[in-house]
Amino acid sequence: MKVLLINGSPHPEGNTFIALKVIAESLEKEGIGSEIVWIGNKPVRGCNACNKCKEEPGRCAFNDDVCNVISAKFEESDALVVGSPVYYGQPNGALLAIIQRAFHSNGPAIAGKPAAAVAICRRGGSTAAFQALNMPFQMMDMPVVTSQYWNIVFGREPGQASLDTEGLQTMRTLAGNLAWMLKVTGGKPAPGRGDDPWEPMHFIR
Ligand SMILES: Cc1cc2nc3c(=O)[nH]c(=O)nc-3n(C[C@H](O)[C@H](O)[C@H](O)COP(=O)(O)O)c2cc1C
């Protein structure tokens, strides 16, 4: 089994990476493989609601940034962990744009698979960012994996997260719970709605 970890920081090996690396190492001890994918620091487009991805599922129509590269990895992954630095009490905007486009265009490849978010901050806003990162999981039938605390790690300059011993323990516990969930389910995604057709109600009469 394999877990995809998305590093949503412009720093390839900053504090977000440190938190994700601890998760990856703990997963490895449980015999579960992983891949940390960096979103990079090049421009990322926001979703323009063209819905062309509904005509050609699996790909966002914008093919000039990292979004399709990341969502192509959904298929081969059994679970997802998204890590983000906190910017103004929110996740990194580039990461949010990728998540929104990747889920909209390639959602079925990730639906039902266990998911967790991790927020990294200097001092405040981490729980708000954490909540924002968790929102898309609920729309995709993704069982949210928990830890002993909210999945937050503290640090300012790249590297300082290594000093947050409780934060890193929270990452290890999260990895253990994720490994447990994958082993119990055998990596089978949650069934979601199954054959029950969607009943859209847009409150327009
Ligand atoms: C534009 C910007 C906004 C930030 N806003 C916050 C914030 O609201 N709260 C906070 O505690 N830290 C804030 N920070 C600090 C980062 O969250 C912190 O340095 C984090 O460890 C960076 O992670 P990284 O090394 O993975 O990039 C901000 C940093 C930047 C660049």
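Every number for a ligand or one of its atoms is a count from 1 in the order of the listing. On a predicted model such as this, the values are computed, not experimentally measured, just so you know.
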* Structure fact -> The answer, listing residues by chain and number that come under 4.0 Å of ligand 1 through any heavy atom, is Ser9, His11, Gly14, Asn15, Thr16, Pro85, Val86, Tyr87, Tyr88, Gly89, Ile120, Cys121, Arg122, Arg123, Gly124, Gly155, Arg156
* State whether the number of non-hydrogen atoms from other residues, nucleotides or ligands found under 6.0 Å of Lys42 atom NZ is greater than 12. => no
* Glu157: partners by salt bridge (charged side-chain N to carboxylate O under 4.0 Å, His left out), with sequence neighbours left out -> none
Extract all donor-acceptor atom pairs below 3.5 Å that involve side chains of residues 119-140 and protein atoms in other chains or at least two apart in sequence.
residue: Asn134; atom: ND2; partner: Phe130; partner atom: O; Å: 2.8
residue: Gln138; atom: NE2; partner: Asn134; partner atom: O; Å: 3.4

* Asked: Would you say the side-chain atoms of His104 and Asn51 include a donor-acceptor pair closer than 3.5 Å?
  -> yes
* **side chain to side chain donor-acceptor pair (under 3.5 Å): pairs with one or both residues in residues 168-189, sequence neighbours excluded** => Glu30-Lys183, Gln148-Gln169, Gln148-Thr173
* To do: Going by the salt bridge (charged side-chain N to carboxylate O under 4.0 Å, His left out) test, name the single residue among Glu28, Glu75, Glu35 that passes it with Lys2.
  => Glu35
